[in-house]
Amino acid sequence: MPRAPAKSSAARSSTKSPPRPDPRALLSWYDRRRRDLPWRAAPGERADPYAVWLSEIMLQQTTVEAVKPYFLGFLARWPSVEALAAAPLEEVMKAWAGLGYYARARNLHACAQQVAFERGGVFPREEDDLLSLPGVGPYTAAAVAAIAFDAPCVAVDGNVERVVARLFAIDRPIREAKRELRETAQTLRPAARSGDFTQALMDLGATVCTPRGPRCDLCPFASGCEAARRGETERFPVKAQKLEKPLRRGAAFVLTCGGAALLRTRPPRGLLGGMSEFPSTPFRVDFDPSRAQAHAPAAARWRALPGEVEHVFTHFSLRLTIFAATLPAPPPHIENGRWTPLARLSEEGLPTLMRKVAVRAGLIVE
DNA sequence: TATCCGTGGTA
DNA sequence: TTACCAAGGAT
C-alpha cells in the first residue's frame with residue numbers, strides 16, 4: 001500500500017509537499033532525450049519480443065555497455081527464438097562467457113526451447129504467463145509485457161527504485177521497501193504508452209536521477225520530487241548495511257602437453273556452473289595449500305607459479321595459486337578432462353577467472 | 001526471507 | 001586502492 005502518494009490534495013497543500021509527479025512530463029522528456037540502444041525500436045514502433053526478452057535477460061544486474069556486444073552477437077548468430085532453441089546449450093554457454101551470472105544462459109536456452117517448442121515460437125503477452133518462464137522474474141515479466149506488447153505494466157528495477165525512493169522520500173532501507181516501491185511505481189503509470197513510460201523511468205534513473213550527483217536541473221519530475229524539495233537527493237535510497245566479503249583461496253592446475261591444455265567442465269549448478277575451467281580445488285576460506293596437489297588432475301612435476309591470480313565475485317574475494325606442468329606427448333586420456341589446442345583456447349568460452357589463469361600461465365596474451 | 005550467483009566501470 | 005553498484009532470479 002503506497003503511503004506517500006495517497007495524500008489528498010488538501011493534505012499536500014497543508015504539508016507543503018511538492019505536486020504529484022506528472023507522467024506526461026516524463027514521456028515528453030523521453031521523446032527528446034531517450035537513449036538510442038540496439039534492442040530499442042524506433043520511436044512509435046514496437047520492438048521484436050524476442051529481442052526485448054533477450055536484452056532484458058542480458059541486462060539483469062549488468063551494465064548497458066557490457067551487454068551491447070553480446071546482444072548484437074547473439075542476435076546475429078541466433079536471429080529468432082527458434083534458432084536459439086535449436087542451438088546446443090554448450091554453444092550458448094560459450095557465447096555467454098565473460099558476461100557473468102551463467103545460470104542466466106542456461107535459463108535463456110531453456111526458455112527459448114519452451115517458447116519455440118511449446119508455444120509455437122510466440123512469446124506470451126501477459127505478465128503472469130511471462131513470469132512462468134525460466135529466468136523471467138517480476139522485473140523481466142513486466143519489462144517484456146510493457147516494452148514488447150505495451151501492456152499496462154511498470155517494470156521496477158534498481159533505477160526505478162531509486163527514482164521512486166527520491167520522489168516520495170521513502171526512508172526505509174530499499175530491501176525492506178521493495179513492495180512499497182513497486183506499488184508506488186504502478187501509481188505513476190499513464191493510461192497509454194506503458195512501454196515508453198517504463199523505459200523512460202529507467203533512462204531517467206540511468207542518466208539524470210543517478211546514484212551520485214543527480215542532475216535535478218534536467219529532471220522532468222524535479223518539481224514533484226520530495227527528496228529534491230528537501231535538498232536530500234543523495235540520502236535516498238537508504239542503503240542497507242554492507243556485508244563483509246570473505247577471502248577464499250584455492251589452486252588451479254594448468255597442464256599442457258603437445259601444444260594442448262587440459263580443461264574440464266564445471267558442474268551445471270553453483271559457481272561458474274557449466275563453464276569451462278582449468279582443473280581446480282574448491283575455493284575455501286580455510287584452504288590448505290599443502291593439500292592442494294591432492295586435487296591435481298594427473299601426476300606430474302607441478303611447479304607453483306609466482307604470485308596469485310586475484311578475482312572478486314559477488315560474495316567473496318579469491319586468491320588462486322597456479323600450478324603448471326607439462327607432460328611428454330602424446331596427450332594421455334584423463335578422466336573428466338579434455339585436451340584443447342592452445343590456438344583455440346580463446347574460443348573455449350572461459351569465464352573471466354579462468355581467462356586470468358590462462359594469461360598468468362602464459363597460454364594466451366593480454 | 002536470506003543467500004548465492006560475475007563482471008567491469010567509476011570516483 | 002577500495003568501495004560501490006548495474007535493466008534480478010532461483011532456491
Side-chain angles (χ1 to χ4, degrees), chain A residues 34-35 37-40 47 51-71 93 96-108 110-111 130-148 153-163 173-176 178-179 181-182 185 195 198-207 209-213 234 237 239-248 266-275 277 283 310-318 349-356:
Chain A
R34 55 176 265 164
R35 290 178 292 175
L37 302 173
W39 45 86
R40 201 166 259 185
V52 173
W53 162 77
L54 177 62
S55 70
E56 290 300 341
I57 300 297
M58 288 182 166
L59 285 162
Q60 289 168 4
Q61 294 288 284
T62 308
T63 58
V64 164
E65 288 308 313
V67 165
K68 280 179 181 174
Y70 284 86
F71 173 81
M93 301 299 289
W96 196 276
L99 197 54
Y101 286 131
Y102 298 101
R104 289 186 296 171
R106 184 172 298 276
N107 286 328
L108 182 85
C111 182
L130 287 160
L131 202 48
S132 71
L133 297 171
V136 176
Y139 162 76
T140 305
V144 173
I147 298 170
C153 312
V154 177
V156 180
D157 70 336
N159 284 312
V160 179
E161 288 177 346
R162 180 173 59 255
V163 170
I174 207 161
R175 189 186 309 276
E176 295 177 20
K178 290 277 184 188
R179 175 186 295 267
L181 289 164
R182 188 177 307 174
T198 209
Q199 293 181 92
L201 271 181
M202 291 191 278
D203 272 21
L204 186 72
T207 65
C209 194
T210 48
R212 283 166 294 197
E234 297 270 9
K239 314 180 206 60
Q241 61 203 20
K242 61 168 184 184
L243 20 66
E244 192 74 8
K245 196 168 280 196
L247 173 64
R248 299 193 199 178
R266 293 177 63 87
R269 314 280 175 185
L271 187 74
L272 305 177
M275 301 302 290
E277 70 165 0
F283 309 147
E310 299 191 7
H311 194 69
V312 179
F313 292 99
T314 307
H315 55 295
F316 66 92
S317 300
L318 179 65
L350 295 177
T352 297
L353 169 64
M354 293 300 157
R355 196 162 47 73
K356 288 181 182 177

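Because only heavy atoms are used, hydrogens play no part in the values below, and waters and symmetry mates are left out as well, while side chains stay in.
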DNA chain C nearest-nucleotide lookup for A:G205 and A:L133: closer to the 5′ end is A:G205
### Query
A:W39 vs A:F71 aromatic rings, parallel, tilted or perpendicular, using cut-offs 30° and 60°?
perpendicular
Practice problem: Mind checking A:V312 for me? I need base, sugar-phosphate or nothing, with any heavy atom below 4.0 Å counting as a touch. | Solution: base
| task | Scan A:I147 against the nucleic acid and name what it touches under 4.0 Å (heavy atoms): base, sugar-phosphate only, or nothing. | result | nothing
Whether the side chain of A:T63 and the base of B:dG8 hold a donor-acceptor pair under 3.5 Å is what I'd like checked. no
Check the angle between the aromatic planes of A:F316 and A:F313 and answer parallel, tilted or perpendicular using the 30° and 60° thresholds. tilted
Kindly say whether, by distance alone, the side chain of A:T62 makes a donor-acceptor pair under 3.5 Å with the base of C:dG8? no
Counting only heavy atoms not in A:K239, do more than 12 sit closer than 6.0 Å to its NZ atom?
no
Checking all strands, does A:R40 fall into the base, sugar-phosphate, or nothing category for heavy-atom contacts under 4.0 angstrom? base
Just checking A:L99: base, sugar-phosphate only, or nothing, at a heavy-atom cut-off of under 4.0 Å?
base
task = Have a look at A:W96 and say if it touches a base, only the backbone sugar-phosphate, or nothing, with a 4.0 Å heavy-atom cut-off.
result = nothing
Assign each of A:T314 and A:R175 the nucleotide of DNA chain B bearing its closest heavy atom; nearer the 5' end lies the nucleotide of A:R175
Between C:dT1 and B:dG8 - C1' atom distance, rounded Å
16 Å
query: What about A:Y139, does its side chain sit under 3.5 Å from the base of C:dG8 through a donor-acceptor pair?
result: no
Sorted by position of nearest nucleotide on DNA chain C, 5' first, the leading residue of A:L37 and A:L131 is A:L37
Exercise. Mind checking A:R35 for me? I need base, sugar-phosphate or nothing, with any heavy atom below 4.0 Å counting as a touch.
Key: base
